[in-house]
Amino acid sequence: MNPRIIPGVNGSTDFYLTMDFCKDPFYNSSLTWNTTNPDITQCMQDTLLTGVPCLFFLLTEPLWIIYKIYYYSIQSFPISRDSRNTWGWKFLIKVTLNLVLITNLILQIWNQSHDEFYGSEVFRFMAMIGTIVLMLVAMGVEKWNRIHTSPPMFLFWGLLLLVKIPTVKDHVEHLTNDPSDVLYWILAFTYYPVFLLQIIFHCWADHSNMDASDKPPESVASFPATIFYTWIDPLIWAGLKAPLTLDQVPPQPQYVTVSFVIQDFLNQWSKKVSKIEKTFIKDRDPAGEKKVKILDVLFATYGKRFFLIFLLGTVNFTLIFVGPIMLKLLIQHVQSDEEAWKGFAYVILIFVNASLQSLLNHQFLQQTVISAQQIRASLSSMIYRKTLKLSNLARKKFTMGEITNFISTDIQTLGMTIPYMNNVWVAPMKIIIAMFFLYEELKSVAFIGVAIMAVLLPLNYWSSVIIKKMRKNQMEAKDGRIKLMNEVLKGMRVLKLYAWEIPFMSRINAIRLTEVKLMKSLAKVYAISNFTLNSGPTLITIACFGLYTVFQPGEILTADKIFVSIALFNIIRMSMVMLPWAIVALLKAFVSLKRIADFLNANELDPEAVGKETEHEENAIEITKGSFTWTEEEEQTTLKDINVQIRKGSLVAVVGVVGAGKSSLLSAILGEMEKTDGQINQSGTLAYVPQQAWIQNMTLKNNILFEKPFETGRYKRTLEACALKDDLDILISGDETEIGENGINLSGGQKQRVSVARAVYSDSDVYLLDDPLSAVDAHVGKHLFDKVFSSKSGILKDRTRVLVTHNVSFLDQMDLILVMRNGTIAERGSYSQLKESKGAFSEFLEQYANQATKEEVTEDHEKNKHLQAKPIKARQIPPRTRRMSQTLSCSPASPFIKYLSTSADAPLPDDILAEEEEAILEETIEESAVSSRRGSKVNDPLAGRLVDDEEAMIGKVNWKVYLSYMKDLGNIISVISFLLYMVGQGLESGSSYWLSFWADSNGADPATANDKTPFYLGVYSGIGALQIIIMIVREIVLFIACADASNLIHARLLSKVVSSPMSFFDTNPIGRIVNRFSADIGTVDDGIPFQISLLFECFTSIATVLALICYSLPIFMTVILPLAFMYYGIQRCYISTTRQLQRIESIVISPIFAHFGESLNGVQSIRAYKQEERFILESEKRVDKGVQLHYMCVMMNRWLGVRIEFLANLVVFFVALFAVLSRGTISPGLTGLAITFSLNVTGMLNWLIRAVCDMETDAVALERILEYSENPQEADWSLPEDDKFCDFPMEGQIEFSKYETRYREGLDLVLKDVSMRIQPKEKIGICGRTGAGKSSLTLALFRIIEPVSGKILVDGIDVNTLGLHKLRSGLTIIPQDPVLFTGNVRFNLDPTEENTDTQIWQALEHANLKAHISSLTNGLDHEVSEGGDNFSVGQRQLLCLARALLRKTKILILDEATAAVDLETDDLIQATIRKEFADCTVLTIAHRLNTILDSDRVAVFSEGKLVELDSPQSLMDKHDSVFRGLAKNAGLV
């Protein structure tokens, strides 16, 4: 086949393939182009127009089938043999239509058999029949493999229908000329309509052999539904009918789920780790300081998708330049007399090109979103996994707040910035190609534009570098703020009791002020950066048009040159606008990736630090010459030269003073410490009970099971052994009661018993018990020891138990006792061996345990009967009890002690004499839970809920949210900003109109055109200069105002949250509250200012553009209303659904943070129980919920974009059509102006609705903040009358007068008609059973809860007449749980800065901490780590004592402040209290009854009522008194 070009008739050009292959030329210019009735030659129809669709199908269909088979092989879509036999009606119809086509083609061959066949006709028939036959085969293969849709088939039929349009035209002409040809009619109606039917039936997916109900709708959607996003329509309609719920949101495709993407990422991560031989283990990492480059891992994992994005982006931006080319042809058509059909052809081509570009652009954006989602999901999982392996040294570097920020901020930043990052390469490519076309229009003058850009780009680079640095500083400040906010929320009860809200708020606001300053600086840098963007196109236009007339004197600036150049300048302008955004996005992403990479490369715990097998089979634990540290400094080794062997099944006690290294020894066995020397081995499974119980926010039952299989007998035995049965009777839903965050609705003792029960139920081989008896009273402690730990009767008697304890009562039952001193094992041996050795332990026993060696509560009922009337001798009160008694006695001997001393009745039996303290059940910290139980039914499924699920607001964002923001922004500033945007946009449109006027002037008088250039150019330059100035000013004004508004919003939120009552913090998880301060405030900081700017710019742009189009083409006004109606309908559908999706997304994020924080707090327990995989799965499950919502939000953007851009393309279509129809009545300048502006409408309409919706979705963050800003508030912190009471309280007298209160509205009263008077300096003990109202009395005194009726008087002053800070600063409490905050020691003791350093040192001296603090490097400036982890629990309690000594008020409340300290520290605390608070009124909440034995009076509460108030002696004399009954139950009578 030899193609030839032959001159045709009338100057036409004919192109032949061969003279005998076709009956006519392949191309004839007179037939196709230079004619008023265009047509296509039969040769081209038979060959090219038939061959292209067939070749496309043959090339793409095999690739599609291979891809889908591979896709299903890695998806969880099992193929059922039975389901493959279900053909389905859609499949059968499509097969039938193909058979009809084959029959039709055979009939066409038969009908034409009497004529001569040309090669081109044979090719057409064979290509069509062969392709359809192969399609039938492909359909069978797809059906067998459950492939529900086929893009190649859909596109084949679409292309075929398109290319057959000329053939249809020929057939219509034939039938018009010969309507009697019946066979021709039959063939025509069984041929072309079949193409259309095939397209229609391929619009639906074939689910006949698969269950698509539980699959992601996108994964089972047809190809048209995928490219037009109609698979989202059901969600849209559901959102229109009613507010969406989480259950209605469809699942995301599997390729964006965490469990799917993390596997590929982990594989690539492992390869990179192996390549550089990285181990992440300190001191034995061959890679040293080398780090795994996270970018390398990302490219290795997602490189294929990145390449697909590159291809789609390349095709997409190439199509952009078709618009200016068609614009040139259309303007030339309007001012010429060429054939009319060509103008309509240009209009159609413009519309088709714009539509195709829209579809490809959204596929391009979808792939970028998918890559962003995959990166977010994989990095979220990696951060969580790393958290569970992070070494303790690394934990000091990365605090909880910082790690939380990785998830809340950095991951979110990556998700937002990755889609924009493609403009880093797309924008420069667009600029380069646009400059090429500009050269075609303006010749060498176009290079002037390149030179101007070359000057401006360094300014962009400079601003980008500064932005990167500022963003990094801003993120660091935000880390510090969120970290401090976490601590404040955890210690909120302490802050309120000490009236410390203001100093802590000041610290947070100081950090926030740093953030705001950086935001304002960023606003100025952004304005400078935008100056280069906005001035660039204007300067290029001025320079190019001005110099064009100089360098091209024979040329004039016509309408087509000007407006094609303007269109290209607009492409350059948008590219220059997007380029710095992309650079900023890239820099943001790099900052976040750098932070995440540093974290992922941090040191991990050494998994081989603890050997899995002991050298001697009989041993469970072996440590040989072990040295361990918590710090990087080798000289600060915490444990030194540890040598110990613990036999299997033995019970070992670890004792020693505060800071001796007891808990560190257990941590070393767990592998939590850095091993600097020696060897440690531990065999068998392990359970761990931490000193501070870790409780999850789930049911009590699930806290105990800890995902172990439920076994009824084993579970009941565990409950009984851990003394939890009585607690289940009290809890409203028994063991199905939800436990709040950090066990908020359990007492300290209950939490510890649940922690012990978890260990017991785990059925492990080795149990590490870090002082579990410290938080429970002696009665329960005795029960726990006998039923759980004892080698004689305990449920764990055959297991290895290592028990850290301060309780000497049980030491005689130990197989081995390890005495710790200064990080070494000072002594070891059995109780008798150590006692006989006369060493340190013997002295310790003589000093603190001068009591009978056996302590147990008698279980003999007859003995109890005999003892009921027997008083107690003084010698029978254990030493610790006597010390506590002396603490509260202001005189040498209180009346009750005198009574005990003079009693001469028969003593108690020996097995009771040694009982140190038998106590009542502990008071539940959160008595609101107790009060809410009364009158409730256990069978209520929601009765046991403490923390309600966060509810999504519904409907539109209330206007008061926007008005509130405008008020913070400043109403005047808001109006000025909008006017500046309006004026700036008006100037931009005015400059474009001036260009059209210039072009028409040149066309009307070409001879003088160049002479007028300076005038027109000067006016244009003036307009442009004014426009640039206004653009800079408007951005600085708006963004600085937004920064100030953001600061006001944060300050108000902080104030309102901190001023909320404690009930708010008890019922809202910390993660939920932190989310307001992190993600929501982040949106207000970064999202809303840009959305306002974009909204103003888009609205003013569209308004001016439509005005100019209507001015140029008044007929366009006829289509504005229909298009506006369609626009409104799409906008309404989109916003109503997206708004609710955004709200639900903000809610599902909170559980991610809550679980993350919970895991950080309990990471030691998680590792000890080897539960890492379970917690990883739970984390991934929660992250997947967030991904699901976020993915649907961005897919909604794609749904919107396709539809809005279609409307914009209709605008372009109608403008071009009306311009063609108005040829002869409209000037070329106005034509160019109208079409150029209409081309810009595509982006403007899309951005406007996106800006409106994004503004509303971002306003959800404002709405959520405003919700918390409307929290019910505590009473005023200060009142004007407070100044009258400068030295409040003067004496310390307290009086309750008919006082009643409840925790929240709707709950039962917790205190009922309480009346009592407490004299100055009087020592009052307060006791009662669980829920009796003891803690409620304290909370009422501090006004943590407010009265329903009655009043409390302090020194005769009604406390309700005082400001809360005046009241609370006049009271002092030493709580049971010591709380420290990040900061130095000075700040922890005196955050209000009311005391001098001398006073602080004096308080530390009295608290016996001066020596320790002095030994620290920075003394009072020594930094306290997060949670006070660099101090032992005992040292933290002594610091709390020092706080109390600094306050030195006349009223002191003790809430079992010495439960978790050793006997020596207890002695120090008691002695200090006895001396320093001798002249104070002291209230002691009795968790242990012996602590109030020597009180002046005892207040006994029951069911919220004060039932007894008298001296201990008087109450003991009454045989029917409640106090005597409590004492009897405690073994004291």
Between Asn1161 and Lys490, is any side-chain donor less than 3.5 angstrom from a side-chain acceptor? yes
Are Lys1450 and Asp1479 within salt-bridge range, i.e. N to O under 4.0 Å? yes
Distance alone, cut at 3.5 Å: any donor-acceptor contact between the side chains of His1365 and Glu501? yes
side-chain contact (heavy atoms from CB on, under 4.5 Å), that's the test. Do Lys1351 and Val1359 meet it? Break it down for me. CA-CA 8 Å; Lys1351 57 186 177 181; Val1359 296; over 6 Å; no
Starting at CZ of Arg1443, measure out to CG of Leu1446 and round the result to the nearest 0.5 Å. 10.5 Å
Any Lys/Arg nitrogen of Lys478 or Glu515 sitting under 4.0 Å from an Asp/Glu carboxylate oxygen of the other? no
Determine, for Phe1387 and Arg507, whether the Lys NZ or Arg CZ falls below 6.0 Å from the six-membered ring centre while staying within 45 degrees of the axis. yes
Under the rule for side chain to side chain donor-acceptor pair (under 3.5 Å), what residues qualify as partners of Lys1410, not counting sequence neighbours? none
If we ignore angles and hydrogens, is there a donor and acceptor under 3.5 Å between the side chains of Thr409 and Asn405? yes
Hey, mind stepping through Ser1369 and Tyr498 against side-chain contact (heavy atoms from CB on, under 4.5 Å) and telling me if it holds? CA-CA 6 Å; Ser1369 60; Tyr498 281 88; over 6 Å; no
Does a side chain donor of either Trp630 or Ser664 reach within less than 3.5 Å of an acceptor in the other side chain? yes
Are Thr1392 and Asp1390 linked by a side-chain donor-acceptor pair shorter than 3.5 Å? yes
Can any side-chain N or O of Asn1384 pair as donor or acceptor with the backbone N or O of His1422 at less than 3.5 Å? no
Heavy-atom pair of closest approach, residues Gly1292 and Thr1481: O-OG1, 2.7 Å
Is the Lys NZ or Arg CZ of Arg1368 less than 6.0 Å from the centre of Phe1342's six-membered ring, within 45° of the axis? no
Can you tell whether the side chains of Asp1085 and Arg512 come within less than 4.0 Å, N to carboxylate O? yes
Hits for side chain to side chain donor-acceptor pair (under 3.5 Å) against Lys1366, two or more places apart or cross-chain, chain-then-number order -> none
Side chains of Tyr1268 and Ser1060, donor plus acceptor under 3.5 Å: no
Heavy-atom count check: over 12 atoms from other residues, nucleotides or ligands less than 6.0 Å from Met1290 CE? no
Take atom CD of Glu1270 as the centre, draw a 6.0 Å sphere, and report whether it contains more than 12 heavy atoms from other residues, nucleotides or ligands. yes
Presence of salt bridge, Arg1497 and Glu1322, under 4.0 angstrom: yes
